[in-house]
2 protein chains.
Amino acid sequence: MPDASTTSGTGAATRRDELLAIAAELFAERGFKNTTVRDIADAAGILSGSLYHHFDSKESMVDEILSTFQAALFASYEEVLVSDSDARAKVERMVRLSFEAIDQHHSAVAIFQNDAGYLSAYPRFGYLRDRSTQFREVWMTLLSQGVKEGVLRKDLDATLVYRFIRDTVWVAVRWYRPGGTLSADEVANQYLSILLDGIAS
Amino acid sequence: MPDASTTSGTGAATRRDELLAIAAELFAERGFKNTTVRDIADAAGILSGSLYHHFDSKESMVDEILSTFQAALFASYEEVLVSDSDARAKVERMVRLSFEAIDQHHSAVAIFQNDAGYLSAYPRFGYLRDRSTQFREVWMTLLSQGVKEGVLRKDLDATLVYRFIRDTVWVAVRWYRPGGTLSADEVANQYLSILLDGIAS
DNA sequence: GTCTATACGGTGATAGAC
DNA sequence: GTCTATCACCGTATAGAC
(Lines give C-alpha, C1' and ligand atoms only; values in the text may rest on other atoms or scores of the structure.)
Protein backbone atom coordinates (compact mmCIF):
# COMPACT_ATOMS: atom_id res chain seq x y z
CA MET A 1 0.00 0.00 0.00
CA PRO A 2 2.31 2.77 -1.26
CA ASP A 3 -0.05 5.64 -0.70
CA ALA A 4 -3.43 6.25 0.87
CA SER A 5 -5.14 7.61 -2.23
CA THR A 6 -8.16 5.40 -2.73
CA THR A 7 -10.27 8.41 -3.48
CA SER A 8 -9.46 12.09 -3.40
CA GLY A 9 -11.72 14.70 -1.90
CA THR A 10 -13.56 15.13 -5.20
CA GLY A 11 -14.24 11.42 -5.53
CA ALA A 12 -11.74 10.94 -8.36
CA ALA A 13 -9.77 7.70 -8.20
CA THR A 14 -6.11 7.45 -9.15
CA ARG A 15 -5.10 5.49 -12.22
CA ARG A 16 -3.73 2.85 -9.93
CA ASP A 17 -7.10 2.46 -8.23
CA GLU A 18 -8.88 2.27 -11.55
CA LEU A 19 -6.62 -0.53 -12.66
CA LEU A 20 -7.11 -2.38 -9.40
CA ALA A 21 -10.89 -2.11 -9.75
CA ILE A 22 -10.71 -3.45 -13.31
CA ALA A 23 -8.54 -6.35 -12.19
CA ALA A 24 -10.90 -7.09 -9.30
CA GLU A 25 -13.88 -7.38 -11.63
CA LEU A 26 -12.06 -9.74 -13.95
CA PHE A 27 -10.72 -11.87 -11.09
CA ALA A 28 -14.24 -12.05 -9.68
CA GLU A 29 -15.78 -13.07 -12.99
CA ARG A 30 -13.26 -15.59 -14.25
CA GLY A 31 -11.14 -16.46 -11.27
CA PHE A 32 -7.63 -15.31 -10.45
CA LYS A 33 -5.66 -18.00 -12.26
CA ASN A 34 -7.93 -17.75 -15.20
CA THR A 35 -7.39 -14.05 -15.72
CA THR A 36 -4.20 -13.04 -17.53
CA VAL A 37 -2.34 -9.80 -17.13
CA ARG A 38 -3.14 -9.19 -20.78
CA ASP A 39 -6.85 -9.51 -20.02
CA ILE A 40 -6.51 -6.82 -17.38
CA ALA A 41 -4.45 -4.56 -19.60
CA ASP A 42 -6.89 -5.01 -22.51
CA ALA A 43 -9.83 -4.06 -20.29
CA ALA A 44 -7.91 -0.97 -19.18
CA GLY A 45 -6.90 -0.02 -22.72
CA ILE A 46 -3.16 -0.37 -22.13
CA LEU A 47 -0.51 -3.01 -22.74
CA SER A 48 0.33 -5.68 -20.22
CA GLY A 49 3.83 -4.39 -19.58
CA SER A 50 2.43 -1.06 -18.45
CA LEU A 51 0.71 -2.70 -15.51
CA TYR A 52 4.09 -3.30 -13.94
CA HIS A 53 4.61 0.41 -13.56
CA HIS A 54 1.82 0.29 -10.95
CA PHE A 55 2.12 -3.17 -9.44
CA ASP A 56 4.92 -5.60 -8.65
CA SER A 57 3.03 -8.61 -9.90
CA LYS A 58 -0.39 -10.02 -10.64
CA GLU A 59 -0.27 -11.69 -7.25
CA SER A 60 0.25 -8.41 -5.45
CA MET A 61 -2.93 -7.16 -7.11
CA VAL A 62 -5.17 -9.81 -5.55
CA ASP A 63 -3.26 -9.44 -2.35
CA GLU A 64 -4.11 -5.77 -2.13
CA ILE A 65 -7.73 -6.34 -3.14
CA LEU A 66 -8.27 -9.04 -0.53
CA SER A 67 -6.33 -7.53 2.36
CA THR A 68 -7.97 -4.13 1.95
CA PHE A 69 -11.40 -5.69 1.92
CA GLN A 70 -10.74 -7.92 4.91
CA ALA A 71 -9.48 -5.02 6.98
CA ALA A 72 -12.59 -2.97 6.26
CA LEU A 73 -14.90 -5.89 6.96
CA PHE A 74 -13.42 -6.79 10.30
CA ALA A 75 -13.39 -3.17 11.37
CA SER A 76 -17.14 -3.06 10.82
CA TYR A 77 -17.61 -6.34 12.70
CA GLU A 78 -15.73 -4.89 15.62
CA GLU A 79 -18.26 -2.09 16.00
CA VAL A 80 -21.09 -4.58 16.34
CA LEU A 81 -19.29 -6.90 18.71
CA VAL A 82 -18.31 -4.24 21.23
CA SER A 83 -21.86 -2.89 21.39
CA ASP A 84 -24.05 -3.95 24.31
CA SER A 85 -26.88 -5.48 22.28
CA ASP A 86 -28.10 -8.98 23.08
CA ALA A 87 -26.89 -11.99 21.09
CA ARG A 88 -29.86 -12.14 18.76
CA ALA A 89 -29.50 -8.49 17.79
CA LYS A 90 -25.79 -9.02 17.18
CA VAL A 91 -26.45 -12.03 14.98
CA GLU A 92 -28.87 -9.98 12.95
CA ARG A 93 -26.46 -7.09 12.56
CA MET A 94 -23.58 -9.36 11.63
CA VAL A 95 -25.67 -10.97 8.90
CA ARG A 96 -26.76 -7.58 7.61
CA LEU A 97 -23.17 -6.38 7.54
CA SER A 98 -22.25 -9.35 5.41
CA PHE A 99 -24.92 -8.59 2.83
CA GLU A 100 -23.83 -4.97 2.80
CA ALA A 101 -20.30 -6.18 2.11
CA ILE A 102 -21.56 -8.30 -0.79
CA ASP A 103 -23.31 -5.22 -2.10
CA GLN A 104 -20.46 -2.76 -1.70
CA HIS A 105 -17.38 -4.93 -2.19
CA HIS A 106 -18.86 -7.39 -4.63
CA SER A 107 -15.68 -8.25 -6.52
CA ALA A 108 -13.58 -8.71 -3.41
CA VAL A 109 -16.16 -11.01 -1.83
CA ALA A 110 -16.45 -13.05 -5.03
CA ILE A 111 -12.68 -13.42 -5.30
CA PHE A 112 -12.52 -14.44 -1.68
CA GLN A 113 -15.23 -17.05 -2.18
CA ASN A 114 -13.67 -18.51 -5.31
CA ASP A 115 -9.94 -18.30 -4.79
CA ALA A 116 -9.18 -17.85 -1.11
CA GLY A 117 -9.18 -21.57 -0.43
CA TYR A 118 -6.38 -22.11 -2.85
CA LEU A 119 -4.50 -18.88 -2.24
CA SER A 120 -4.42 -19.21 1.54
CA ALA A 121 -2.07 -22.18 1.15
CA TYR A 122 0.69 -19.73 0.19
CA PRO A 123 2.56 -17.94 2.98
CA ARG A 124 1.84 -14.58 1.44
CA PHE A 125 -1.87 -15.14 1.90
CA GLY A 126 -1.63 -16.64 5.36
CA TYR A 127 -3.63 -13.72 6.75
CA LEU A 128 -6.67 -15.15 4.98
CA ARG A 129 -6.48 -18.19 7.23
CA ASP A 130 -5.98 -16.04 10.30
CA ARG A 131 -9.06 -14.02 9.47
CA SER A 132 -11.10 -17.17 8.93
CA THR A 133 -10.11 -18.44 12.35
CA GLN A 134 -10.97 -15.11 13.90
CA PHE A 135 -14.29 -15.10 12.09
CA ARG A 136 -15.15 -18.57 13.36
CA GLU A 137 -14.27 -17.73 16.94
CA VAL A 138 -16.37 -14.60 16.89
CA TRP A 139 -19.37 -16.49 15.56
CA MET A 140 -19.01 -19.48 17.86
CA THR A 141 -18.90 -17.16 20.86
CA LEU A 142 -21.91 -15.26 19.61
CA LEU A 143 -23.92 -18.42 19.00
CA SER A 144 -23.17 -19.93 22.38
CA GLN A 145 -24.17 -16.64 24.00
CA GLY A 146 -27.44 -16.83 22.11
CA VAL A 147 -28.06 -20.32 23.43
CA LYS A 148 -27.19 -19.22 26.94
CA GLU A 149 -29.55 -16.25 26.71
CA GLY A 150 -32.28 -18.60 25.56
CA VAL A 151 -32.87 -16.90 22.21
CA LEU A 152 -31.29 -19.64 20.09
CA ARG A 153 -32.05 -23.38 19.97
CA LYS A 154 -29.74 -25.50 22.07
CA ASP A 155 -30.47 -28.84 20.36
CA LEU A 156 -28.32 -28.09 17.31
CA ASP A 157 -24.63 -28.82 16.70
CA ALA A 158 -22.97 -25.42 17.20
CA THR A 159 -20.26 -25.92 14.59
CA LEU A 160 -22.83 -26.96 12.04
CA VAL A 161 -24.93 -23.90 12.72
CA TYR A 162 -21.87 -21.73 12.32
CA ARG A 163 -21.02 -23.28 8.96
CA PHE A 164 -24.61 -23.02 7.88
CA ILE A 165 -24.70 -19.29 8.54
CA ARG A 166 -21.26 -18.60 7.12
CA ASP A 167 -21.89 -20.47 3.90
CA THR A 168 -25.45 -19.38 3.23
CA VAL A 169 -24.66 -15.73 3.70
CA TRP A 170 -21.46 -15.44 1.69
CA VAL A 171 -22.42 -17.76 -1.13
CA ALA A 172 -25.12 -15.25 -2.07
CA VAL A 173 -22.39 -13.33 -3.88
CA ARG A 174 -22.82 -15.85 -6.67
CA TRP A 175 -26.21 -14.57 -7.66
CA TYR A 176 -26.63 -11.18 -5.96
CA ARG A 177 -26.03 -8.23 -8.27
CA PRO A 178 -25.56 -4.73 -6.82
CA GLY A 179 -28.13 -2.41 -8.31
CA GLY A 180 -30.50 -5.26 -9.14
CA THR A 181 -34.18 -5.44 -8.20
CA LEU A 182 -33.48 -6.76 -4.70
CA SER A 183 -31.54 -4.52 -2.34
CA ALA A 184 -29.02 -5.99 0.05
CA ASP A 185 -31.30 -5.07 2.91
CA GLU A 186 -34.31 -6.85 1.43
CA VAL A 187 -32.23 -9.97 0.88
CA ALA A 188 -30.90 -9.76 4.43
CA ASN A 189 -34.44 -9.50 5.80
CA GLN A 190 -35.61 -12.63 4.03
CA TYR A 191 -32.46 -14.58 4.78
CA LEU A 192 -32.68 -13.70 8.47
CA SER A 193 -36.32 -14.67 8.52
CA ILE A 194 -35.50 -18.08 7.02
CA LEU A 195 -32.46 -18.57 9.21
CA LEU A 196 -34.23 -17.67 12.44
CA ASP A 197 -37.70 -19.11 11.85
CA GLY A 198 -37.36 -21.60 9.00
CA ILE A 199 -39.44 -22.08 5.87
CA ALA A 200 -42.07 -24.40 7.36
CA SER A 201 -45.42 -22.93 8.36
CA MET B 1 -17.86 -42.70 -22.84
CA PRO B 2 -16.01 -45.34 -24.88
CA ASP B 3 -16.99 -48.34 -22.79
CA ALA B 4 -19.16 -49.14 -19.80
CA SER B 5 -16.43 -50.51 -17.56
CA THR B 6 -16.62 -48.42 -14.43
CA THR B 7 -16.29 -51.48 -12.27
CA SER B 8 -16.10 -55.13 -13.18
CA GLY B 9 -17.98 -57.84 -11.39
CA THR B 10 -15.18 -58.22 -8.86
CA GLY B 11 -15.13 -54.52 -8.05
CA ALA B 12 -11.82 -53.88 -9.81
CA ALA B 13 -11.62 -50.60 -11.70
CA THR B 14 -9.91 -50.24 -15.05
CA ARG B 15 -6.76 -48.18 -15.36
CA ARG B 16 -8.77 -45.57 -17.16
CA ASP B 17 -11.18 -45.28 -14.22
CA GLU B 18 -8.32 -45.06 -11.78
CA LEU B 19 -6.83 -42.18 -13.71
CA LEU B 20 -10.17 -40.43 -13.91
CA ALA B 21 -10.62 -40.76 -10.15
CA ILE B 22 -7.14 -39.34 -9.54
CA ALA B 23 -7.86 -36.43 -11.87
CA ALA B 24 -11.21 -35.80 -10.15
CA GLU B 25 -9.58 -35.53 -6.74
CA LEU B 26 -7.00 -33.07 -7.99
CA PHE B 27 -9.55 -30.98 -9.87
CA ALA B 28 -11.69 -30.90 -6.73
CA GLU B 29 -8.81 -29.84 -4.49
CA ARG B 30 -7.11 -27.24 -6.64
CA GLY B 31 -9.59 -26.39 -9.34
CA PHE B 32 -9.61 -27.51 -12.95
CA LYS B 33 -7.48 -24.74 -14.46
CA ASN B 34 -5.08 -24.95 -11.62
CA THR B 35 -4.38 -28.63 -12.09
CA THR B 36 -1.92 -29.53 -14.83
CA VAL B 37 -1.81 -32.76 -16.79
CA ARG B 38 1.61 -33.24 -15.23
CA ASP B 39 0.05 -33.07 -11.76
CA ILE B 40 -2.38 -35.79 -12.71
CA ALA B 41 0.32 -37.95 -14.29
CA ASP B 42 2.61 -37.48 -11.28
CA ALA B 43 -0.14 -38.55 -8.90
CA ALA B 44 -0.73 -41.61 -11.05
CA GLY B 45 2.96 -42.43 -11.30
CA ILE B 46 3.19 -42.05 -15.06
CA LEU B 47 4.27 -39.34 -17.51
CA SER B 48 1.90 -36.71 -18.80
CA GLY B 49 2.05 -37.92 -22.38
CA SER B 50 0.76 -41.32 -21.30
CA LEU B 51 -2.53 -39.80 -20.21
CA TYR B 52 -3.37 -39.16 -23.83
CA HIS B 53 -3.52 -42.88 -24.48
CA HIS B 54 -6.67 -42.87 -22.31
CA PHE B 55 -8.19 -39.43 -22.87
CA ASP B 56 -8.43 -36.95 -25.74
CA SER B 57 -7.67 -33.96 -23.58
CA LYS B 58 -7.73 -32.62 -20.07
CA GLU B 59 -11.05 -31.02 -20.90
CA SER B 60 -12.61 -34.34 -21.84
CA MET B 61 -11.65 -35.61 -18.39
CA VAL B 62 -13.73 -33.05 -16.51
CA ASP B 63 -16.43 -33.44 -19.07
CA GLU B 64 -16.75 -37.13 -18.34
CA ILE B 65 -16.54 -36.60 -14.59
CA LEU B 66 -19.27 -33.98 -14.58
CA SER B 67 -21.64 -35.49 -17.11
CA THR B 68 -21.52 -38.92 -15.47
CA PHE B 69 -22.26 -37.40 -12.10
CA GLN B 70 -25.09 -35.22 -13.36
CA ALA B 71 -26.79 -38.12 -15.07
CA ALA B 72 -26.71 -40.22 -11.89
CA LEU B 73 -27.93 -37.34 -9.74
CA PHE B 74 -30.91 -36.48 -11.89
CA ALA B 75 -31.88 -40.11 -12.19
CA SER B 76 -32.15 -40.27 -8.40
CA TYR B 77 -34.14 -37.02 -8.31
CA GLU B 78 -36.57 -38.50 -10.78
CA GLU B 79 -37.44 -41.33 -8.42
CA VAL B 80 -38.41 -38.89 -5.70
CA LEU B 81 -40.38 -36.57 -7.92
CA VAL B 82 -42.59 -39.26 -9.45
CA SER B 83 -43.47 -40.66 -6.01
CA ASP B 84 -46.82 -39.66 -4.48
CA SER B 85 -45.44 -38.15 -1.26
CA ASP B 86 -46.53 -34.69 -0.20
CA ALA B 87 -44.40 -31.63 -0.91
CA ARG B 88 -42.74 -31.50 2.48
CA ALA B 89 -41.65 -35.13 2.29
CA LYS B 90 -40.29 -34.55 -1.20
CA VAL B 91 -38.33 -31.50 -0.07
CA GLU B 92 -36.81 -33.57 2.71
CA ARG B 93 -35.88 -36.41 0.42
CA MET B 94 -34.40 -34.09 -2.20
CA VAL B 95 -32.21 -32.47 0.43
CA ARG B 96 -31.12 -35.86 1.74
CA LEU B 97 -30.29 -37.00 -1.77
CA SER B 98 -28.04 -33.99 -2.18
CA PHE B 99 -26.08 -34.75 0.96
CA GLU B 100 -25.75 -38.36 -0.14
CA ALA B 101 -24.36 -37.09 -3.43
CA ILE B 102 -21.84 -34.94 -1.56
CA ASP B 103 -20.87 -38.03 0.39
CA GLN B 104 -20.61 -40.44 -2.51
CA HIS B 105 -19.51 -38.22 -5.38
CA HIS B 106 -17.50 -35.73 -3.39
CA SER B 107 -14.99 -34.78 -6.08
CA ALA B 108 -17.59 -34.33 -8.79
CA VAL B 109 -19.72 -32.11 -6.57
CA ALA B 110 -16.72 -30.05 -5.58
CA ILE B 111 -15.65 -29.58 -9.19
CA PHE B 112 -19.18 -28.62 -10.11
CA GLN B 113 -19.32 -26.06 -7.31
CA ASN B 114 -15.96 -24.52 -8.12
CA ASP B 115 -15.67 -24.65 -11.89
CA ALA B 116 -19.10 -25.15 -13.43
CA GLY B 117 -19.82 -21.43 -13.52
CA TYR B 118 -16.88 -20.80 -15.74
CA LEU B 119 -17.01 -24.03 -17.76
CA SER B 120 -20.69 -23.76 -18.62
CA ALA B 121 -19.88 -20.74 -20.79
CA TYR B 122 -18.29 -23.11 -23.32
CA PRO B 123 -20.58 -24.92 -25.76
CA ARG B 124 -19.16 -28.27 -24.78
CA PHE B 125 -20.42 -27.78 -21.24
CA GLY B 126 -23.78 -26.34 -22.20
CA TYR B 127 -25.49 -29.31 -20.59
CA LEU B 128 -24.45 -27.91 -17.22
CA ARG B 129 -26.66 -24.90 -17.86
CA ASP B 130 -29.51 -27.09 -19.02
CA ARG B 131 -29.32 -29.15 -15.86
CA SER B 132 -29.26 -26.03 -13.70
CA THR B 133 -32.41 -24.78 -15.38
CA GLN B 134 -34.07 -28.15 -14.91
CA PHE B 135 -33.00 -28.19 -11.29
CA ARG B 136 -34.48 -24.76 -10.67
CA GLU B 137 -37.78 -25.63 -12.30
CA VAL B 138 -38.13 -28.79 -10.28
CA TRP B 139 -37.50 -26.93 -7.05
CA MET B 140 -39.71 -23.96 -7.84
CA THR B 141 -42.58 -26.32 -8.62
CA LEU B 142 -41.95 -28.26 -5.43
CA LEU B 143 -41.83 -25.12 -3.30
CA SER B 144 -45.01 -23.65 -4.73
CA GLN B 145 -46.74 -26.97 -4.12
CA GLY B 146 -45.58 -26.81 -0.53
CA VAL B 147 -47.06 -23.36 -0.13
CA LYS B 148 -50.31 -24.49 -1.76
CA GLU B 149 -50.51 -27.48 0.56
CA GLY B 150 -50.00 -25.17 3.50
CA VAL B 151 -46.82 -26.82 4.77
CA LEU B 152 -44.46 -24.02 3.70
CA ARG B 153 -44.56 -20.31 4.52
CA LYS B 154 -46.17 -18.16 1.87
CA ASP B 155 -44.71 -14.82 2.99
CA LEU B 156 -41.26 -15.47 1.50
CA ASP B 157 -39.89 -14.68 -1.96
CA ALA B 158 -40.00 -18.05 -3.74
CA THR B 159 -36.89 -17.48 -5.83
CA LEU B 160 -34.95 -16.47 -2.76
CA VAL B 161 -36.03 -19.56 -0.89
CA TYR B 162 -34.96 -21.68 -3.84
CA ARG B 163 -31.51 -20.07 -3.93
CA PHE B 164 -31.19 -20.40 -0.20
CA ILE B 165 -31.83 -24.13 -0.31
CA ARG B 166 -29.70 -24.75 -3.37
CA ASP B 167 -26.70 -22.87 -2.00
CA THR B 168 -27.04 -24.10 1.55
CA VAL B 169 -27.06 -27.71 0.57
CA TRP B 170 -24.37 -27.83 -2.09
CA VAL B 171 -21.88 -25.49 -0.51
CA ALA B 172 -21.47 -28.02 2.30
CA VAL B 173 -19.10 -29.87 -0.02
CA ARG B 174 -16.49 -27.30 0.99
CA TRP B 175 -16.20 -28.66 4.51
CA TYR B 176 -17.90 -32.06 4.53
CA ARG B 177 -15.45 -34.98 4.38
CA PRO B 178 -16.72 -38.48 3.57
CA GLY B 179 -15.77 -40.84 6.37
CA GLY B 180 -15.49 -38.02 8.90
CA THR B 181 -17.17 -37.89 12.28
CA LEU B 182 -20.46 -36.61 10.89
CA SER B 183 -22.34 -38.85 8.48
CA ALA B 184 -24.17 -37.37 5.52
CA ASP B 185 -27.44 -38.36 7.15
CA GLU B 186 -26.64 -36.60 10.41
CA VAL B 187 -25.73 -33.44 8.54
CA ALA B 188 -28.92 -33.69 6.49
CA ASN B 189 -31.00 -34.02 9.65
CA GLN B 190 -29.55 -30.89 11.21
CA TYR B 191 -29.66 -28.88 8.00
CA LEU B 192 -33.29 -29.83 7.41
CA SER B 193 -34.12 -28.91 10.97
CA ILE B 194 -32.55 -25.48 10.54
CA LEU B 195 -34.06 -24.97 7.12
CA LEU B 196 -37.57 -25.95 8.16
CA ASP B 197 -37.75 -24.56 11.69
CA GLY B 198 -34.94 -22.02 12.01
CA ILE B 199 -32.32 -21.53 14.70
CA ALA B 200 -34.38 -19.27 17.00
CA SER B 201 -36.02 -20.81 20.05
C1' DG C 1 0.07 -49.02 -21.40
C1' DT C 2 4.00 -46.26 -20.83
C1' DC C 3 8.18 -43.77 -22.31
C1' DT C 4 11.18 -40.46 -25.02
C1' DA C 5 11.38 -36.38 -27.29
C1' DT C 6 9.50 -32.38 -28.85
C1' DA C 7 6.36 -28.76 -30.94
C1' DC C 8 4.17 -24.62 -30.03
C1' DG C 9 1.23 -21.25 -28.02
C1' DG C 10 0.39 -18.66 -23.95
C1' DT C 11 1.94 -16.47 -19.54
C1' DG C 12 4.19 -13.49 -16.10
C1' DA C 13 7.60 -10.40 -16.06
C1' DT C 14 11.69 -7.16 -17.46
C1' DA C 15 14.60 -3.19 -19.71
C1' DG C 16 14.79 0.79 -21.77
C1' DA C 17 12.76 4.23 -25.22
C1' DC C 18 9.28 7.82 -25.56
C1' DG D 1 2.33 6.57 -17.54
C1' DT D 2 2.62 3.92 -21.56
C1' DC D 3 4.85 1.45 -25.41
C1' DT D 4 8.19 -1.62 -27.85
C1' DA D 5 10.49 -5.62 -27.76
C1' DT D 6 11.69 -9.59 -25.69
C1' DC D 7 12.68 -13.44 -22.28
C1' DA D 8 12.34 -17.68 -19.84
C1' DC D 9 9.12 -20.74 -18.48
C1' DC D 10 5.18 -23.60 -18.25
C1' DG D 11 1.13 -25.51 -20.32
C1' DT D 12 -1.34 -28.91 -23.45
C1' DA D 13 -0.76 -32.00 -26.82
C1' DT D 14 1.54 -35.11 -30.47
C1' DA D 15 4.42 -38.98 -32.87
C1' DG D 16 6.54 -42.94 -32.72
C1' DA D 17 9.59 -46.35 -30.11
C1' DC D 18 9.36 -50.00 -26.62
Side-chain angles (χ1 to χ4, degrees), chain A residues 1-3 5-8 12-27 29-66 111 115 118-119 121-125, chain B residues 1-3 5-8 12-24 26-27 29-66 111 114-115 118-119 121-125:
Chain A
M1 296 150 230
D3 62 323
S5 56
T6 307
T7 46
S8 80
T14 66
R15 182 63 170 145
R16 185 187 150 84
D17 293 325
E18 284 174 20
L19 294 172
L20 204 56
I22 289 167
E25 270 178 50
L26 291 174
F27 291 157
E29 267 172 42
R30 322 178 177 181
F32 174 65
K33 264 275 164 153
N34 219 3
T35 304
T36 71
V37 291
R38 293 196 210 337
D39 289 337
I40 301 168
D42 283 356
I46 59 178
L47 290 181
S48 65
S50 305
L51 283 174
Y52 291 84
H53 174 70
H54 303 277
F55 305 96
D56 285 344
S57 65
K58 179 181 143 182
E59 206 176 80
S60 74
M61 291 189 221
V62 234
D63 194 353
E64 190 168 333
I65 293 164
L66 290 176
I111 297 166
D115 296 302
Y118 170 67
L119 290 174
Y122 296 96
R124 173 170 199 167
F125 295 94
Chain B
M1 296 147 230
D3 62 323
S5 56
T6 308
T7 47
S8 80
T14 65
R15 182 64 170 144
R16 185 186 148 85
D17 293 326
E18 285 174 17
L19 294 172
L20 204 57
I22 290 167
L26 292 174
F27 291 158
E29 268 172 40
R30 323 178 176 180
F32 173 66
K33 262 274 165 159
N34 218 3
T35 303
T36 71
V37 291
R38 289 194 238 272
D39 290 336
I40 301 168
D42 282 356
I46 59 177
L47 291 181
S48 65
S50 305
L51 283 174
Y52 291 85
H53 173 70
H54 304 276
F55 305 96
D56 286 345
S57 65
K58 180 181 141 182
E59 205 177 80
S60 74
M61 290 189 222
V62 235
D63 194 352
E64 190 169 332
I65 293 164
L66 290 176
I111 297 166
N114 295 328
D115 296 303
Y118 169 68
L119 289 174
Y122 296 96
R124 173 170 199 167
F125 295 94

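None of the values given here were measured: they were computed from a predicted structure.
Atom C1' of nucleotide C:dA15 and atom CG of A:Leu47 are separated by 15 Å, given to the nearest angstrom. Distance, A:Glu18 CD to D:dG1 P: 11 Å, rounded to whole Å. The nearest whole Å value for the distance from the CD1 atom in A:Ile40 to the P atom in C:dA13 is 10 Å. For B:Asn34 and D:dG11, the CG to C1' distance is 12 Å, given to the nearest whole Å. Look at CD1 on A:Ile22: it is 10 Å from P on D:dT2, rounded to the nearest Å. Atom P of nucleotide D:dA13 and atom CD of B:Glu59 are separated by 8 Å, given to the nearest angstrom. Atom CZ of A:Arg16 is separated from atom P of D:dG1 by 10 Å (rounded to the nearest Å). Regarding A:Leu51, its CG atom lies at a distance of 13 Å from the P atom of C:dT14, rounded to whole Å.
Closest non-hydrogen pair, B:Lys58 versus B:Phe32, comes out as NZ-O, 3.0 Å. For B:Ile46 against B:Ser50, the heavy-atom pair with the smallest separation is CD1-CB, 3.9 Å. Smallest separation of non-hydrogen atoms from B:Asp115 and B:Phe27: OD2-O, 4.3 Å. Contact detail for B:Met61 and B:Ala23: the closest heavy-atom pair is SD-CB, 4.1 Å. The minimum heavy-atom distance linking A:Ser57 with A:Tyr52 is given by the pair CA-CE2, 4.0 Å.
Side-chain N/O atoms of B:Arg15 include one lying less than 4.0 angstrom from OP1 or OP2 on C:dT2. Note on B:His54: a side-chain N or O is less than 4.0 Å away from OP1 or OP2 of C:dT2. Note on B:His53: a side-chain N or O is less than 4.0 Å away from OP1 or OP2 of C:dG1.
Between A:Arg15 and A:His53, every side-chain heavy-atom pair lies at or beyond the 4.5 Å cut-off. Within the 4.5 Å cutoff, side-chain heavy atoms of B:Thr35 are placed close to those of B:Ile40.
Residues satisfying the side chain to side chain contact (heavy atoms under 4.5 Å, CB included) criterion with B:Asn34, sequence neighbours excluded, are A:Lys33, A:Tyr118, B:Arg30.
Here A:Ile46 lies in heavy-atom contact (under 4.0 Å) with sugar-phosphate atoms only.
Between the side chains of A:Asp39 and A:Thr36, at least one donor N or O sits under 3.5 Å from an acceptor N or O.
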Polar atom pairs (N or O), protein with nucleotides 8-12 of chain C, under 3.5 Å:
from	atom 1	to	atom 2	distance (Å)
C:dG12	OP1	A:Lys58	NZ	2.8
C:dG12	OP2	A:Val37	N	2.8

Measure all distances between protein nitrogen or oxygen atoms and nitrogen or oxygen atoms of nucleotides 15-18 of chain D, and list the pairs falling under 3.5 Å.
none

